[in-house]
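Atoms within a ligand are numbered from 1 in the order they appear, just like the ligands themselves. Just so you know, residue 1 is the first one in the sequence shown, and it goes up from there.
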Amino acid sequence: MALFKSKPKDSGIDLSELNLPVHIGIIMDGNGRWAKKRGLPRSAGHTAGAQVFRKITRYCSNIGIKYLTVYAFSTENWTRPSDEVSALLRLFKSYLQEALDDFRDDSIVVKFIGDRSAFPKELIELMDDNEAISKDRDGMVLNIAMNYGGRDEIVRAVKEISQLATSDDISIEEINDQLISDHLYTRGQPDPDLIIRPSGEHRTSNFLLWQSAYAEYVIMDILWPDFKESDLDRAIVEYSKRSRRFGGV
Ligand code: IPE
Ligand code: IPE
Ligand code: MG
């Protein structure tokens with residue numbers, strides 16, 4: 001039975017009797033639609049979404065989630081209009097400056113998954129600093145997926161493993177599931193149990209393709225900037241009702 005550090009704030013749902021997911025993934029989607037509904041620029045939706053990210057991250061840590069992976073920017077999101085991409089990069093920069101202090105009290109370990117080399121130098125430095133400052137903490141691991149794509153991640157793993165095989169460091173027979181997992185950004189971490197997609201879209205959009213083989217997906221008809229702690233509770237309740245068989249009976 002999972003132990004909870006605190007009770008849910010506003011849902012009235014008591015999670016303490018439920019089987020908690022160890023690793024939750026969230027596709028933080030719907031910022032643009034949220035802004036459009038209010039007659040605001042899409043960037044206003046991203047700003048509102050960043051606040052929700054902070055709130056939900058802290059909440060996950062408080063209820064005892066061990067790993068949280070959030071999808072912030074995909075390898076395909078570069079195809080958006082350049083003013084939207086620029087606004088997102090500015091938001092990441094100001095957010096990551098604050099984040100250096102933000103998660104200290106919660107002992108959260110911050111990691112970035114994805115190809116950071118595509119970002120401006122000052123953003124890469126902030127990502128490196130956030131990782132360095134938090135690496136010895138003992139709380140929840142927060143993976144922030146930035147310039148992340150599941151296919152890109154697998155291609156990188158294939159290249160690394162091919163190098164090892166070509167230089168005779170491993171034999172072809174040694175290539176197995178575990179070896180591939182060990183060459184992904186999430187190496188050493190358990191696969192996600194629950195993946196939540198707000199905004200109602202029924203697709204992975206290239207998120208954790210390999211790792212989500214047996215993840216339970218919960219699609220929610222709510223836009224990310226409107227997402228509340230009680231919505232996370234509802235997703236966990238839904239997850240706890242699922243029968244996970246992993247191909248068995
Ligand atoms: C998710 O919200 C944020 C990013 C992909 C960076 P969207 O910007 O995709 O919002 P919608 O889906 O257009 O509403
Ligand atoms: C997925 O959302 C990426 C992030 C939330 C960062 P998208 O909005 O990019 O996905 P599609 O275009 O709806 O598939
Ligand atoms: Mg979207």
Side-chain angles (χ1 to χ4, degrees), residues 23-57 60 67-99 110-120 123-124 126-127 130 142-156 184-186 192 194-212 215-228 231-232 235:
H23 185 168
I24 296 180
I26 304 181
I27 301 174
M28 303 188 292
D29 195 21
N31 295 350
R33 277 164 282 177
W34 182 90
K36 191 169 175 215
K37 262 175 44 184
R38 287 164 178 73
L40 298 169
R42 290 176 60 85
S43 59
H46 297 313
T47 306
Q51 293 308 323
V52 173
F53 154 71
R54 297 165 98 130
K55 177 178 77 179
I56 296 300
T57 297
C60 284
Y67 297 86
L68 172 67
T69 301
V70 293
Y71 205 5
F73 193 83
S74 76
T75 45
E76 288 72 45
N77 287 149
W78 296 106
T79 62
R80 293 186 176 201
S82 61
D83 61 335
E84 181 169 349
V85 172
S86 305
L88 277 165
L89 294 183
R90 276 196 300 277
L91 181 68
F92 291 149
K93 192 179 150 202
S94 67
Y95 178 72
L96 290 182
Q97 272 156 349
E98 292 169 31
V110 181
K111 292 178 190 278
F112 295 91
I113 62 171
D115 176 14
R116 72 186 71 181
S117 71
F119 290 114
L123 198 50
I124 298 174
L126 277 169
M127 293 163 93
N130 269 281
L142 167 68
N143 298 309
I144 306 178
M146 275 174 56
N147 193 25
Y148 173 88
R151 288 186 170 189
D152 179 62
E153 182 182 38
I154 293 168
V155 168
R156 280 163 194 280
L184 302 178
Y185 292 118
T186 50
L194 164 64
I195 295 183
I196 301 169
R197 183 155 192 168
S199 93
E201 308 293 359
H202 291 241
R203 53 177 172 264
T204 69
S205 300
N206 209 4
F207 186 51
L208 301 178
L209 293 185
W210 175 275
Q211 300 89 330
S212 65
E216 295 295 329
Y217 255 85
V218 173
I219 312 288
M220 303 181 83
D221 212 1
I222 177 167
L223 303 171
W224 176 247
D226 289 328
F227 199 90
K228 298 193 174 42
D231 297 310
L232 194 97

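Among the atoms of Ser74, none of the N or O lies under 3.5 angstrom from an N or O of ligand 2. For the pair Arg203 and ligand 2, the shortest N or O to N or O distance falls below 3.5 Å.
Checked against the 6.0 Å centroid criterion, the rings of Trp224 and Phe53 do not qualify as a close aromatic pair. Taking the six-membered ring for Trp and the full ring otherwise, Trp78 and Tyr148 have centroids separated by 6.0 Å or more.
A distance-only check finds a donor-acceptor pair linking the side chain of Ser74 to the backbone of Asn77 [under 3.5 Å].
Between Arg33 and Asp29, the closest side-chain pair of non-hydrogen atoms falls below 4.5 Å. By the 4.5 Å heavy-atom criterion applied to side chains, Thr204 and Arg197 are not counted as neighbours. Residues Thr57 and Leu68 form a side-chain contact, since some pair of their non-hydrogen atoms from C-beta on lies under 4.5 Å apart. Residues Leu232 and Ile196 form a side-chain contact, since some pair of their non-hydrogen atoms from C-beta on lies under 4.5 Å apart. In this structure, the side chains of Pro198 and Met28 stay at 4.5 Å or more apart for every pair of heavy atoms. Phe112 places a side-chain heavy atom less than 4.5 Å from the side chain of Leu96.
Of the options Asp115, Thr69, Leu208, a side-chain contact (heavy atoms from CB on, under 4.5 Å) to Tyr185 is made by Asp115 and by none of the others.
If you check each of Arg80, Met28, Arg33 against atom 14 (O) of ligand 1, the one with the closest non-hydrogen atom is Arg33. Heavy-atom proximity to atom 3 (C) of ligand 1, evaluated over Asn31, Leu88, Leu91, is greatest for Asn31.
Only side-chain heavy atoms of Asn77 come within less than 4.0 Å of ligand 1; its backbone N, CA, C and O stay farther off. Using a 4.0 Å cut-off between heavy atoms, Ala72 contacts ligand 2 through its backbone alone, with no side-chain atom that close. When non-hydrogen atoms are compared, ligand 2 lies under 4.0 Å from the backbone of Phe73 (N, CA, C, O) but not from its side chain.
Contact analysis leaves Glu201 out of contact with ligand 1, as no non-hydrogen atom separation drops below 4.0 angstrom. Not a single heavy atom of Gly45 lies less than 4.0 angstrom from ligand 1. Not a single heavy atom of Ser199 sits closer than 4.0 Å to an atom of ligand 1.
The contact set between ligand 1 and Asp29, taken as ligand atoms under 4.0 Å from a residue heavy atom, comprises 1 (C), 2 (O), 7 (P), 9 (O), 10 (O), 11 (P), 12 (O).
Nearest non-hydrogen protein atom to atom 10 (O) of ligand 1 is Gly32 N, 2.9 Å. Among protein heavy atoms, the minimum distance from atom 11 (P) of ligand 2 is reached at Ser205 OG, 3.5 Å. Annotation: atom 13 (O) of ligand 1 to nearest protein heavy atom, Arg42 NH2, 2.9 Å. Among protein heavy atoms, the minimum distance from atom 2 (O) of ligand 2 is reached at Arg197 NH2, 3.6 Å.
At a cut-off of 2.8 Å, measuring from the Mg ion (ligand 3), the protein N, O or S atoms that fall short of it are Asp29 OD1, waters left aside.
For the pair Arg38 and Asp226, the salt-bridge criterion is met [side-chain N within less than 4.0 Å of a carboxylate O]. Between Lys93 and Glu98, none of the side-chain N atoms (NZ, or NE/NH1/NH2) sits under 4.0 Å from a carboxylate O, so this pair counts as no salt bridge.
Here CG of Asp231 is found 5.0 Å from CE of Met220. Values are rounded to the nearest 0.5 Å.
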